[in-house]
*Asks:* 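Below you will find the structure I want to go over with you.
To find a chain, count down the sequence lines: A is the first, B the second, and so on, and within it residues start at 1.
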Protein chains: 2
Amino acid sequence: MSTQHPFAAPELGKVPCSGCRLRALCLPANLSNWELAQLDALVNAQRPVARGQSLFRAGDRFDSLYAVRTGFFKTCATAEDGREQVTGFQMPGDLLGLAALDAGRHAVDAVALEDAQVCVIPFDSLEAPSPGAHVLQRQLLKAMSRLIVRDHGVMLLLGSMRAGQRLAAFLLNLAQRLQALGYSGSALVLRMTREEIGSYLGMKEETVSRTFTGLQEQGLLEVRQRELRILDVAGLQRRASGDVG
Amino acid sequence: MSTQHPFAAPELGKVPCSGCRLRALCLPANLSNWELAQLDALVNAQRPVARGQSLFRAGDRFDSLYAVRTGFFKTCATAEDGREQVTGFQMPGDLLGLAALDAGRHAVDAVALEDAQVCVIPFDSLEAPSPGAHVLQRQLLKAMSRLIVRDHGVMLLLGSMRAGQRLAAFLLNLAQRLQALGYSGSALVLRMTREEIGSYLGMKEETVSRTFTGLQEQGLLEVRQRELRILDVAGLQRRASGDVG
DNA sequence: CGCGAGCTTGATGCCGATCAATGCATGTGG
DNA sequence: CCACATGCATTGATCGGCATCAAGCTCGCG
C-alpha cells in the first residue's frame, strides 16, 4: 500500500529505540534507561514510504505520529484557495504530524522526497496515563517547542530577508542539520527541487536558480544540479546576515 | 492597578480556572470537573504587567508559562544581527512562553501592549508525574499544536501573499479571535502600531498605512487611527484570497 | 534516441522599500 | 493654557529587487 514494490510488507521488523542509531537525536534524547524502556513500549514498528508517496495528507484522521528513520520528507500546507507552501523539510530524527494533535486531523501533507522509513507512534500512547505516556509527552512538548522556535526563524526569514540572505540561511541550516546526523557539513545533495526550495523560502524557482548562480559567482559555494559544496561557511554566514545586498 | 504604581503587589489574588470567564477558551477547555480540579491546583495566582513592560525577554530562564487573562501582548523574535520581528499577538486565553520549553530559556520577548494580567503556571507543574501534570501536558500539547498550525498560516501568508491580502487576512483573523472572546466581530481597536503590524506581516509601516487607505477606498473597512470597523467581511475575504491585486 | 521534468538565463514591468515631508494626537513643562 | 516636543500615521516621489513571461539547456529514463 505504501510502496511501489509489490512484495514490500506494510510494516517491517521493529528496531527498538534503545538500539537506534538516532537515539541521541530523536525522541529518546536525554532519557534514562528506564525512561527509554517506557518509550520503547509505545513505539510501533517501522513503515516504508516510497519516494513521491504521501505518509499522510491534510485532512486525514490523525492516529499516529511518525519519526523519520531514513529518507527525507517535505510538509506542505494548503490554503483554502489552493495555494501551496512547503512548511518544512524533515530528515532522520525529525518528527512528523505534530500539527495534527490539536484538531485530530492532519494539517499538512507529508511527502517523501526519497525512499524513506518512519517509526510509528500510535496516538493512543498519549492518552492513557501510563508512565510511558508521561515520558513521551514530555519529549513531545520539547520537540514541539523546538519546532515552534524553528518556525519563528522561518517567519523572520520570510518577513525581513532578501533572496540572497534567505537562501544562504537555508543552506547553512540544512548543512548544520546534516552534519548533526554525521554527514559532511560542506558537501551535500539537495533532496528537493528548486521549486520546493522556493516555496519554502517564499520565492520563485527562477529566483532560487539565479541566487544560486550569484552565490557561486561570489565563490561562496559550488552547485551543479542537486550537488552542493559549501566553500566559504563564514562568507555564507555574513551573507545570511545581510552583509551584501 | 499595574506595576507602574509603587504600591502594586507583584501578585494579586487567585481566581480559580474553574471560575474563570475564559474557561472554555484557555487551558481548561473541554476538561471534566475532575480534570479541572487537577489543573486548578497547578496554576498560581495572577500577575499584572503594565503597558510597555516585558513579561519575559529572550534568553531569560524559563520557570513558568503564562496565560493571558486580560490585556494584549506581542511576542518578538530577535535575530543574531539585531533584526526584530513580531511573531504573534496574544489576547485573553492565549498562552505565552511555549517556545521556551525546549531550551529552558525564553526564545522571544513578550511585551504587554496594554495593561494586562496573566496567570502563572510554574514549570515544576510539568515535571512531577502527577495526574495534574498529565492533564496539563495534554492540554499544552494541543495548545502548541494549535500554535504550530497558526504559524504555518503565517508562513503561507508571508511566503505567497501580496500586501493587500496579508493585511486583509490579518484583520479577519484578529476580528474572529476577538469575536470568540465575546467582542464585536466588526468594530475593534487595534492594540498595536502600524509598525508592529508591518513587522508581523513582513511589510513596512508606510505600506501598512497605504494598504489601510486602499482597503478603505474600496469600501471594505473604515479606519481612523487605531479604531477599525469592518464594513464588508465577504469582500475582505475575497481580497485575502487574492481576488484583486 | 527522444521525451519530459527540472534547471538556467534573459527581458520587462510592477509592487513595495526607501527617502522625505507633513499631519495628527498626546503629554509635558513653563 | 499655550508652546513645544514626541511618537505615530499618512501621503508623495523615486528606485530597485523580484515576479513574470519566454526561451533554451541538461540530464535521467523509457
*Asks:* Could you check whether Gly202(A) gets within reach of a base, just the sugar-phosphate, or nothing at all, counting any heavy atom under 4.0 Å?
*Replies:* sugar-phosphate

*Asks:* Under 4.0 Å from OP1 or OP2 of dT10(D): is there any side-chain N or O of Ser209(B) that close?
*Replies:* yes

*Asks:* Look at the side chain of Asp109(B) and the backbone N and O of Cys76(B), then say whether any donor-acceptor pair between them is shorter than 3.5 Å.
*Replies:*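 Looks like no, no N/O pair under 3.5 Å.
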
*Asks:* Before accepting this row, confirm whether a basic side-chain N of the pair Arg191(A)/Glu114(A) lies closer than 4.0 Å to the acidic partner's carboxylate O.
*Replies:*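 A salt bridge links Arg191(A) with Glu114(A).
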
*Asks:* Does Thr207(B) place a side-chain N or O at less than 4.0 Å from the phosphate oxygens OP1/OP2 of dA17(C)?
*Replies:* yes

*Asks:* What's the CD-P distance between Gln165(B) and dA19(D), to the nearest Å?
*Replies:* 14 Å

*Asks:* Is atom CD of Glu206(B) surrounded by more than 12 heavy atoms (other residues, nucleotides or ligands) closer than 6.0 Å?
*Replies:*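 Yes, the 6.0 Å shell around CD holds more than 12 heavy atoms from other groups.
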
*Asks:* Using whole Å, report how far CE of Met161(A) lies from P of dG17(D).
*Replies:* 17 Å

*Asks:* Got Leu113(A) and Glu196(A) here, is their nearest side-chain heavy-atom distance under 4.5 Å?
*Replies:*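 In short, these two side chains touch, coming nearer than 4.5 Å.
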
*Asks:* Is the Phe56(B) ring parallel, tilted or perpendicular to the Tyr66(B) ring (thresholds 30°, 60°)?
*Replies:* parallel

*Asks:* Using whole Å, what does the distance between atom P of nucleotide dG13(C) and atom CZ of Arg162(B) come to?
*Replies:*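 After rounding, the gap between these two atoms is 17 Å.
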
*Asks:* If I take atom CE in residue Met203(B) and atom P in nucleotide dC14(C), what distance separates them, rounded to the nearest angstrom?
*Replies:* 20 Å

*Asks:* Rounded to the Å, how far apart are Arg194(B) CZ and dG16(C) P?
*Replies:* 17 Å

*Asks:* Atom CG of Leu201(B) and atom P of dC15(C): how far apart are they, to the nearest Å?
*Replies:* 19 Å

*Asks:* Within the pair Arg224(B) and dA25(C), is there a side-chain N or O less than 4.0 Å away from OP1 or OP2?
*Replies:*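 For dA25(C), OP1 or OP2 has a side-chain N or O of Arg224(B) closer than 4.0 Å.
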
*Asks:* Quick one: is Arg210(A) getting a side-chain N or O under 4.0 Å of the dC7(C) phosphate, OP1 or OP2?
*Replies:*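 Arg210(A) to dC7(C) OP1/OP2: no side-chain N or O under 4.0 Å.
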
*Asks:* Find the distance Leu190(B):CG to dA9(D):P and express it as a whole number of Å.
*Replies:* 9 Å

*Asks:* Nearest to the side chain of Arg226(A), heavy atoms from C-beta on, is which of dG6(C), dA9(D), dA19(D)?
*Replies:*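 Looking only at heavy atoms from C-beta outward on Arg226(A), the closest nucleotide is dG6(C).
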
*Asks:* Ignoring hydrogens and angles, are the base of dC21(D) and the side chain of Glu206(A) linked by a donor-acceptor pair under 3.5 Å?
*Replies:* yes

*Asks:* State which of dG16(C), dA22(D), dC7(C) makes the closest approach to the side chain of Ala163(B).
*Replies:* dG16(C)

*Asks:* I want to verify a distance call: between dT20(D), dA17(C), dC7(C), whose nearest atom is closest to the Lys204(A) side chain?
*Replies:* dT20(D)

*Asks:* Within this structure, what is the CD-to-C1' distance between Glu195(B) and dA17(C), rounded to whole angstrom?
*Replies:* 14 Å

